[in-house]
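Heads up: the structure comes next, in structure tokens.
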Amino acid sequence: LEIIANTAITSQQINIDAALNYMGSTARTLTFVARNDLKVNQSIASSNSTLHVFVKAGDNIEVASGVSIASNGGNIVFWANTDGNNLGNIAVQPTTSIVSNGGGIWMGGGQTTTQWVPFEGATSITVGAASAISGTANPFGVVIRGAVNAGTGNFYASGVSNKTGTDYSTGVFFDANSDNIIIQAKNIRVIGQGAPNTGTAHSNRGVVLEIAANKSGTIQATSELYMEGVGSGTSSTGSYNRGIHLSKNSTGTATITAPTIYFKGTGAGANGSNFNDGVSLLGITLGNSQTTNITLEGLAGPFGASTRA
């Protein structure tokens with residue numbers, strides 16, 4: 001299908017099952033609004049000019065494996081949980097490619113709105129004022145298993161897990177277990193909160209990067225990388241409820257760089273649990289020769305460390 005003008009599509013549920021391509025020479029905006037779930041099953045592209053892409057859903061948003069979204073300088077917004085019912089997560093599946101070429105890429109949610117600046121010098125755009133929030137069917141508020149590249153634009157992700165009674169309920173999960181992941185932008189800001197579990201559920205973490213054997217994970221900002229994570233489960237006797245948890249297998253590769261890196265993590269958990277660290281870096285090296293400032297601000301939960309490396 002070819003896009004020829006500013007286009008808005010609204011429906012109860014939306015499945016994008018045909019590839020979309022904009023070939024015009026004037027900047028356009030393509031908006032999808034689903035009252036329930038929205039799934040991107042085919043690629044979206046712009047050949048000659050800027051295409052702003054807004055993907056909004058009252059519930060969940062999924063970008064299927066192998067899908068490419070290329071906006072040619074346009075902003076790309078994934079806005080879940082627009083009805084505020086706390087049942088809307090964002091999942092970017094393996095072998096996906098989301099490339100804005102200088103536009104901002106935003107992932108979050110909420111019924112109320114706020115303003116966000118997608119790239120330096122840009123006019124702010126309207127986005128959600130809250131987070132993408134997983135319901136009972138999914139443990140992750142935001143999960144990214146592919147490549148996201150904003151170029152000189154900014155990247156933002158905010159996720160909250162609301163799935164209780166299970167382990168590994170995570171706010172924002174960068175998952176390099178089945179495919180390499182790449183997050184690249186000028187400024188990267190990630191905010192996550194784990195699920196409020198009770199009982200023995202463990203590993204309810206705010207922000208996680210996990211790299212499997214022979215896989216790679218890249219999080220690279222050319223200006224600032226900021227992560228803020230809160231481990232949840234303050235009534236849980238399960239362990240490892242960490243604010244920020246970045247880890248890799250011994251044969252995996254991690255590249256986490258920016259001139260300025262700031263991690264703020266808060267561990268959680270009840271007495272009887274362990275390793276509820278504020279910030280945990282296992283096998284991870286931060287920064288490179290261009291890095292001038294690294295700040296690790298960790299607040300330990302019960303029997304945890306403020307920072308563990």
Backbone of P259 reached by a side-chain donor or acceptor of T291 within 3.5 Å
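Side chain of T291 to backbone of P259: no pair is present.
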
For K163, is there any backbone N or O sitting under 3.5 Å from a side-chain donor or acceptor partner on S169?
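A pair under 3.5 Å: yes.
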
For the side-chain contact (heavy atoms from CB on, under 4.5 Å) test, which of I14, T82, T10, L38 pairs with K56?
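Of all the options given, the one that passes is T82.
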
Please find the pair of heavy atoms, one from K186 and one from T152, that lie closest to each other, and give the distance.
CB-O, 3.5 Å

Quick one: closest heavy-atom pair of V207 and M227, and the distance?
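Minimum heavy-atom contact is CG1-SD, 3.9 Å.
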
Please round to the nearest 0.5 Å and tell me the distance separating atom [atom1] of [X] and atom [atom2] of [Y].
X: S134; Y: I90; atom1: OG; atom2: CD1; value: 11.5 Å
X: L30; Y: I9; atom1: CG; atom2: CD1; value: 6.5 Å
X: T7; Y: F32; atom1: OG1; atom2: CZ; value: 8.0 Å
X: L51; Y: S46; atom1: CG; atom2: OG; value: 5.0 Å
X: D179; Y: T95; atom1: CG; atom2: OG1; value: 6.0 Å

Please determine whether the number of non-hydrogen atoms from other residues, nucleotides or ligands lying under 6.0 Å from atom CD of E120 exceeds 12.
no

Would you say that more than 12 heavy atoms from the other residues, nucleotides or ligands in this model lie under 6.0 Å from the NZ of K264, or not?
no

Transitive ILVMFWY side-chain link [X] to [Y], under 4.5 Å:
X: V55; Y: I69; value: yes
X: I98; Y: W79; value: no
X: F173; Y: L225; value: no

Mind checking what makes ring pair (Phe, Tyr, Trp, His ring centres under 6.0 Å) contact with F275, not counting sequence neighbours?
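For F275, the residues satisfying ring pair (Phe, Tyr, Trp, His ring centres under 6.0 Å) (neighbours in sequence not counted) are Y240.
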
Against the six-membered ring of Y226, is R189 placed for a cation-pi contact (under 6.0 Å from the centre, within 45° of the normal)?
yes

Between [X] and [Y], a side-chain donor and acceptor under 3.5 Å:
X: N36; Y: Q12; answer: yes
X: D17; Y: N15; answer: no
X: S131; Y: S158; answer: yes
X: N149; Y: Q184; answer: yes
X: Q115; Y: T126; answer: yes
X: D59; Y: N85; answer: yes
X: N204; Y: S232; answer: no

Full working for side chain to side chain contact (heavy atoms under 4.5 Å, CB included) between N75 and F119:
CA-CA 9 Å; N75 303 317; F119 55 90; 3.9 Å; yes

What do the steps show when you test R205 against Y168 for side chain to side chain contact (heavy atoms under 4.5 Å, CB included), and what is the final call?
CA-CA 7 Å; R205 301 171 297 196; Y168 303 104; 3.5 Å; yes

Is V172 close to I191 at the side-chain level, that is, under 4.5 Å between some pair of heavy atoms?
no

Report yes if the side chains of T50 and H52 come closer than 4.5 Å at any heavy-atom pair, otherwise no.
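Heavy-atom side-chain distance check passes, below 4.5 Å.
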
Evaluate the criterion side chain to side chain contact (heavy atoms under 4.5 Å, CB included) for residue pair T96 and R145; output intermediate values, then yes/no.
CA-CA 8 Å; T96 54; R145 300 184 171 106; over 6 Å; no

Where do W106 and I125 land on the side chain to side chain contact (heavy atoms under 4.5 Å, CB included) test, with the steps shown first?
CA-CA 10 Å; W106 186 95; I125 63 174; 5.8 Å; no

Only distances under 3.5 Å count here; give the side-chain donor-acceptor pairs of residues 294-309 to other protein atoms, sequence neighbours excluded, each with its distance to 0.1 Å.
residue, atom, partner, partner atom, Å
E297, OE1, Y262, OH, 2.4
R308, NE, D277, OD1, 3.3
R308, NE, D277, OD2, 2.7
R308, NH2, D277, OD1, 3.1

